[in-house]
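Everything on this sheet refers to the single structure shown next.
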Amino acid sequence: MEENDIISQPKTKGYIPTAGKSRDEMRIFLFEFFGMALFAYGIICSQGSDEFLALFFFASVCLAAPFSGAHVNPAVTLAMLLSRRVRFAQAVIYWLAQFSGALCGACCCYLILNEVDSPQVKSTEYSWILSDVSGEAFGTFTFILFILIQTDKETTLTPEGQPMTTYVLVALALYFSREFTFHSGGCLNPGMAVSLQLFQSFQTGDRQRMDFLWVYVGGPLGGGFGASVFFELFYKKQIKRL
């Protein structure tokens, strides 16, 4: 059986996504969509609180993990694709669900709370932009590296059969990884950045908000790529030598 669930891998065969089965692919889309929508709503409601943001992320993981593996982040999906845990066709489904889910969460937040916020660089100086990109990349690298370690049977830090422990640890990993990125706001999520900025730019009419969106897309995707390469080519090999 192919290992393609990320945060959890239920023993029940029907809950493990498999490529080519429309029912499983629909399940992936729906629960990634709902998980991302909940997380987007929570990010806006958290008002910048790291603790509340981590709690909303934990809730999103608990909702989606048994059905889709709870990537809830395009950079995580990219890392899993590079690690050959999902096929490209599945990755596309994850990405579509994540972007549309975040956009839906932003719409709900605007309709209910009449407020939407999105990550934005505070200065256009070269050194500031470089710090933002580096922070997003390094924070995402540490976050996704922990996910790769924790969800691989050969490197996991906890015994099998304890998914709730993994959910808690992954939420804590996000919390601490964001501390590396206080300069940029610690988005670490390209899907969230694109959807929230897109919604706010059209809602306010301020198209210039999108000028530096690449910071919150390129940084996390680069971090996810680096984490996958480091884990597969170095970390796993070192663990096997122990």
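Numbers for residues simply follow the sequence, beginning at 1.
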inquiry  = Over 60° means perpendicular and under 30° means parallel, so tell me whether F67 and F31 are parallel, tilted or perpendicular.
reply    =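 Rings of F67 and F31: parallel, as their planes differ by under 30°.
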So which atom in [X] and which in [Y] form the shortest heavy-atom distance, rounded to 0.1 Å?
X: A102; Y: L196; result: O-CD2, 4.4 Å
X: I43; Y: M192; result: CD1-CG, 3.5 Å
X: A75; Y: L221; result: CA-CD2, 4.0 Å
X: T204; Y: Q200; result: OG1-O, 2.7 Å
X: M80; Y: I147; result: CE-CG2, 3.9 Å

Atom [atom1] of [X] and atom [atom2] of [Y]: how far apart are they, to the nearest 0.5 Å?
X: L53; Y: Q47; atom1: CG; atom2: CD; answer: 11.5 Å
X: I129; Y: S123; atom1: CD1; atom2: OG; answer: 6.5 Å
X: F56; Y: L174; atom1: CZ; atom2: CG; answer: 13.5 Å
X: S46; Y: F39; atom1: OG; atom2: CZ; answer: 8.5 Å
X: C104; Y: F33; atom1: SG; atom2: CZ; answer: 4.0 Å
X: E115; Y: D117; atom1: CD; atom2: CG; answer: 7.0 Å

Compare all side-chain heavy atoms of [X] with those of [Y] and state whether any distance is below 4.5 angstrom.
X: F212; Y: Q120; result: no
X: T155; Y: Y235; result: yes
X: V170; Y: F57; result: yes
X: I28; Y: D24; result: no
X: V229; Y: F234; result: no
X: L169; Y: F146; result: yes
X: F141; Y: F230; result: yes
X: F199; Y: C107; result: yes

task = For S228 and S83, run side-chain hydrogen bond (donor to acceptor under 3.5 Å, both in side chains): C-alpha distance rounded to whole Å, both residues' side-chain angles, the deciding distance at 0.1 Å, then the answer.
result = CA-CA 6 Å; S228 178; S83 297; 3.1 Å; yes
Cluster link [X] to [Y], ILVMFWY, side chain under 4.5 Å:
X: V61; Y: W95; result: yes
X: L55; Y: M164; result: no
X: L111; Y: F202; result: no
X: F58; Y: Y175; result: yes
X: Y41; Y: L30; result: no

inquiry  = Show every salt bridge (Lys or Arg N to Asp or Glu O under 4.0 Å) that has at least one partner inside residues 129-146, sequence neighbours left out.
reply    =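 Non-adjacent pairs meeting salt bridge (Lys or Arg N to Asp or Glu O under 4.0 Å): zero.
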request  = Could you give me the CA-CA distance, side-chain angles and deciding distance for Y216 and V194, then say whether side-chain contact (heavy atoms from CB on, under 4.5 Å) is met?
outcome  = CA-CA 8 Å; Y216 298 98; V194 170; over 6 Å; no
inquiry  = Please check if the number of heavy atoms outside E125 that lie under 6.0 Å from its CD is greater than 12.
reply    =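 For E125, atom CD is not crowded (no more than 12 foreign heavy atoms under 6.0 Å).
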ask   = Quick one: which of L103, T77, V72, N73 gives a side-chain contact (heavy atoms from CB on, under 4.5 Å) with Q98?
value =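 Among L103, T77, V72, N73, the one that satisfies the side-chain contact (heavy atoms from CB on, under 4.5 Å) with Q98 is T77.
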key: Identified side-chain contact (heavy atoms from CB on, under 4.5 Å) counterpart of N189 within the set P74, P220, S195   =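 Considering P74, P220, S195, a side-chain contact (heavy atoms from CB on, under 4.5 Å) with N189 is found only for P74.
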request  = Using the side-chain contact (heavy atoms from CB on, under 4.5 Å) rule, take T151 and R85 through it: C-alpha gap first, then chi angles, then the decisive distance, then the call.
outcome  = CA-CA 11 Å; T151 56; R85 301 193 194 183; 2.7 Å; yes
Give a yes or no answer on whether the side chain of [X] reaches the backbone of [Y] with a donor-acceptor pair at less than 3.5 Å.
X: T181; Y: G135; result: no
X: Y94; Y: S68; result: yes
X: E32; Y: F29; result: no
X: T140; Y: A137; result: no
X: T156; Y: D152; result: no
X: Q197; Y: P119; result: yes

For D50, salt bridge (charged side-chain N to carboxylate O under 4.0 Å, His left out) partners two or more places apart =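 Testing D50 for salt bridge (charged side-chain N to carboxylate O under 4.0 Å, His left out), a comparison that skips the adjacent residues, returns R178.
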Test salt bridge (charged side-chain N to carboxylate O under 4.0 Å, His left out) applied to K237 - qualifying residues, sequence neighbours left out =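 Testing K237 for salt bridge (charged side-chain N to carboxylate O under 4.0 Å, His left out), a comparison that skips the adjacent residues, returns none.
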query = Yes or no on side-chain contact (heavy atoms from CB on, under 4.5 Å) for L172 and V168, after CA distance, side-chain angles and deciding distance?
reply = CA-CA 6 Å; L172 288 174; V168 172; 4.1 Å; yes
request  = Could you go through the side-chain contact (heavy atoms from CB on, under 4.5 Å) check for L81 and R87 one step at a time?
outcome  = CA-CA 6 Å; L81 176 64; R87 297 185 178 94; 5.8 Å; no
